[in-house]
Amino acid sequence: MTSALPYVYSVPHLGNFVGSVLPADVYFKYLKMKGDDAIFICGSDQHGTPIELAAIKKGVEPDKLADELHATVKNLFEKYHCTFTHYGKTHTEENREVTYGVFNELYNNGYILEREDMQAYCNIDKRFLTDRFIQGTCPYCHKRSARGDQCDNCGRLLEPTQVIDPFCAICGKSDITFKKTKNLAFELNKLQSELKEFIKKNGKHNWSKDAVNKSLSMIKEGLKPRDITRNMKWGFPVPLTGYENYVIYVWFDAPLGYIGITKEWNSKRWRDYWQNEHTQLVQFLGKDNTTFHTIFWPAELIGSRLGFVLPFTIKESQFLVSKQLKFSKSQGVGLNMRTALEILGADYWRFALMYMYPENADSEFTEHGLEEIVNVIMNDKIGNLAQRVLKLSKSNKFLAEGEVSAKDDANVKKIVKEYRNAFDKLQLKRAIGTVVKLADLGNRIMSSKEPWTLVKKAREDAKVEKQTRKIFSELLAITYALGILLYPFAPKASAELLAYFGIKSEPTLEMLDQKVKPNLEAEPKPIFQKMTGKEIEKLQKYA
RNA sequence: AGCGAGGUAGGGUAGCCUGGAGUACCCGUCGGGCUCAUAACCCGAAGACCGGAGGUCCAAAUCCUCCCCUCGCUACCA
């Protein structure tokens, strides 16, 4: 399984995180709990115009800048307890090999076309300028914020020739002329029917309606050849004579990075996953990225005839948006993955973000919404249930000692089944909902059975004692199961809870059937805390 | 503009594929219970013309058509 490769231009914001890496990591943790042979591949997408431009402006080599950014982002994901099998990057020898392999096969198989077009050329820097290297005044809003592809101010799409008073983003001068230049294009149109067949077949495997329909409609409208070379410097050089000054276009090598990164992880085993007909490839990505994964990239794989696996499931997310808070616009300002950790710990963000996961529709991030999830769902319902069960058990050891297991409890079993079912269908919001359901079950038992009353009678009445032991056993089983089910969403809290039951290793679903003994000597500590005025104040700084 | 997806109590969501009394969850509001626990938890109530207008059907939030609003894509951002 993979998560969309973050384009490492700045610190990812919370919307980026919840769109692909986080749900992917959550799902991966579930697969590991289940015991599947799964690997989770992700990494930094390092090529492309924005990074080359930033490197030129900073006066550093693009590979150096890209590696620095890669290190920063990698470190951040670790702080959020993401456990990739490998978090790599696209500018590697391995990815170059994979990219050239696919490129050469497409070329040999007759899917590559040479065509000519007009492109901007800076007479001062003596180089061609891709659209983003052209800046100037927007013909629509007349702000000096237009680029060759789009205006940053009004968001309208532009042609480079439409930009008024264009200047070169590198030297700032206006000495630009348009020259005829050649490029290689990938004839996607030749693979249309194979792509359609692939989407129709695999689209049944839990893809969103949105992903299937927009992919099919794009094919229906007719695919066109798409450029795969760029007249710039940063990237993999095109391995063809006559193209010495060109690099492979980032969209072409970035998704091949999934394979390249796997090869970087393990030079022997990568083929076992990627060239194996039994592999089920599950890919997490945001809605802006869908057709790259359902059309452009599969076309590369199909056209290469190298027997690479195609996406089995496309797990597309919508966007998490915020009207009241600034999600990073770029440049690391606003509420992003870094600044968020200054407010709350990783478990809180993981759980809260998954609780508001924009699974089927855009979802709204609000300060109040976050507060509610942290304070009510995590703290009051889940954390406090564990605390009241463990404390009551500790102060009534004679009723709580002995082995417990979630195996024989019908209510717990039912919820666990629903949890598994939700995950297996990739319904992640439903999955996190079942965790809350389990806590609700515990809280309801507490209220209806009132074990704190029973313990007083249990010492005198053997019948009551037996009854009370059963209730304790059930409550402890629920708490133990909570510790396991919580793992994908809040791994740290899960570990803390499971420690009371003597579990120190990574949890598995099999453990639910094990018999465990609660440690009634240890003083239970709350696994979650509420957000206080201090955290809310910090959050409001981003309003 | 074209294509795709969304619009559900005051707020936030699930339900829609596979039609069956507006069903459910969280917050907020109102009333009650409980005192084990982190002032938490539990029970009950009020609150929705399911974006709008038509249509199909014994029956529509769900299927069809048109319109309005929001988001995404439209091939040189990735």
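Keep in mind the model is a prediction, meaning the values are calculated, not measured. In what follows, every chain begins at residue 1, and chains take the letters A, B, ... in the order their sequences are listed.
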Do A:Glu52 and A:Thr49 meet the criterion of a side-chain donor-acceptor pair at a distance under 3.5 Å?
no
Under 4.0 Å between a side-chain N or O of A:Ser395 and OP1 or OP2 of B:C36?
no
What contact category does A:Leu223 fall into here, base, sugar-phosphate, or nothing, at under 4.0 angstrom with non-hydrogen atoms?
base
Considering residues, nucleotides and ligands other than A:Lys214, do more than 12 of their heavy atoms fall under 6.0 Å from its NZ?
yes
Report the nucleotide, chosen from B:C43, B:C77, B:C34, that has the shortest atom-to-atom distance to any side-chain atom of A:Thr49.
B:C77
Does A:Lys391 have a side-chain nitrogen or oxygen under 4.0 Å from the phosphate oxygens OP1 or OP2 of B:U38?
yes
Inter-residue atom distance A:Leu497.CG - A:Tyr480.OH, 0.5 Å rounding
11.0 Å
Would you mind classifying the nucleic acid contact of A:Gly442 as base, sugar-phosphate or nothing, using non-hydrogen atoms under 4.0 angstrom?
nothing
Report which part of the nucleic acid A:Arg230 touches: base, sugar-phosphate, or nothing (heavy-atom distance under 4.0 Å, all strands).
base
Mate of B:U23 across any strand shown (Watson-Crick or G-U wobble, both atom pairs under 3.5 Å) is B:A14
Could you tell me whether A:Asp380 and A:Lys530 have a side-chain N and a carboxylate O separated by less than 4.0 Å?
yes
Side-chain N or O of A:Arg444 versus OP1/OP2 of B:C43: is the shortest distance under 4.0 Å?
yes
I want to check one thing: is the phosphate of B:C36, taken as OP1 and OP2, less than 4.0 Å away from some side-chain N or O of A:Lys394?
no
Report which part of the nucleic acid A:Tyr249 touches: base, sugar-phosphate, or nothing (heavy-atom distance under 4.0 Å, all strands).
sugar-phosphate
Do the side-chain N or O atoms of A:Thr453 get closer than 4.0 angstrom to the phosphate oxygens (OP1, OP2) of B:C34?
no
Picking from B:A14, B:A78, B:C26, which would you name as closest to the side chain of A:Lys429?
B:A14
When we call it a touch if two heavy atoms are under 4.0 Å apart, what does A:Leu188 touch: a base, just sugar-phosphate, or nothing?
base
Have a look at A:Pro50 and say if it touches a base, only the backbone sugar-phosphate, or nothing, with a 4.0 Å heavy-atom cut-off.
sugar-phosphate
Taking for each residue the nucleotide of RNA chain B bearing the nearest heavy atom, is the 5' side occupied by A:Asp440 or by A:Glu372?
A:Glu372
Geometric cation-pi criterion A:Lys182 and A:Tyr243, 6.0 Å radius, 45° cone
yes
Is any side-chain N of the basic residue among A:Lys224 and A:Glu187 closer than 4.0 Å to the acidic one's carboxylate O?
no
A:Tyr249 vs A:His47, ring pair (Phe, Tyr, Trp, His ring centres under 6.0 Å): CA-CA, chis, key distance, verdict:
CA-CA 8 Å; A:Tyr249 196 169; A:His47 295 144; over 10 Å; no
Mind checking A:Asn384 for me? I need base, sugar-phosphate or nothing, with any heavy atom below 4.0 Å counting as a touch.
base
How is A:Gly48 classified with respect to the nucleic acid when contacts are heavy atoms under 4.0 Å: base, sugar-phosphate, or nothing?
sugar-phosphate
Set out, line by line, the N/O atom pairs under 3.5 Å between protein and nucleotides 3-8 of chain B.
residue	atom	partner	partner atom	Å
B:C3	O4'	A:Glu221	OE2	3.3
B:C3	O2'	A:Ser217	OG	2.2
B:G4	O2'	A:Asp210	O	3.3
B:G4	O2'	A:Asp210	OD1	2.7
B:A5	OP1	A:Asn213	ND2	2.5
B:A5	O4'	A:Asp210	OD1	3.1
B:G6	OP1	A:Lys209	NZ	3.2

In Watson-Crick or G-U wobble terms, with both distances under 3.5 Å, the base opposite B:A45 is B:U29
Quick one: look up who B:C36 pairs with, Watson-Crick or G-U, both distances under 3.5 Å, and put none if it's unpaired.
none
Does B:G2 have a Watson-Crick or wobble partner in any strand here, with both distances under 3.5 angstrom, and which is it?
B:C73
For A:Gly433, which contact category applies under a 4.0 Å heavy-atom criterion: base, sugar-phosphate, or nothing?
nothing
In the strands shown, is B:U56 matched to any nucleotide by a Watson-Crick or G-U wobble pair with both distances under 3.5 Å, and which?
none
Between the protein and nucleotides 28-32 of chain B, which nitrogen or oxygen pairs come in under 3.5 angstrom?
none

Give a yes or no on whether the ring-centroid distance for A:Trp297 and A:Tyr258 is below 6.0 angstrom.
yes
Once you apply a heavy-atom cut-off of 4.0 Å, does A:Asp45 come out as touching a base, just sugar-phosphate, or nothing?
sugar-phosphate
When you measure from the side chain of A:Lys381, which nucleotide among B:A78, B:C26, B:C43 comes out closest?
B:C26
Base, sugar-phosphate or nothing for A:Glu450? Non-hydrogen atoms, less than 4.0 Å.
sugar-phosphate
Answer for the Watson-Crick or wobble partner of B:A61, both distances under 3.5 Å, is none
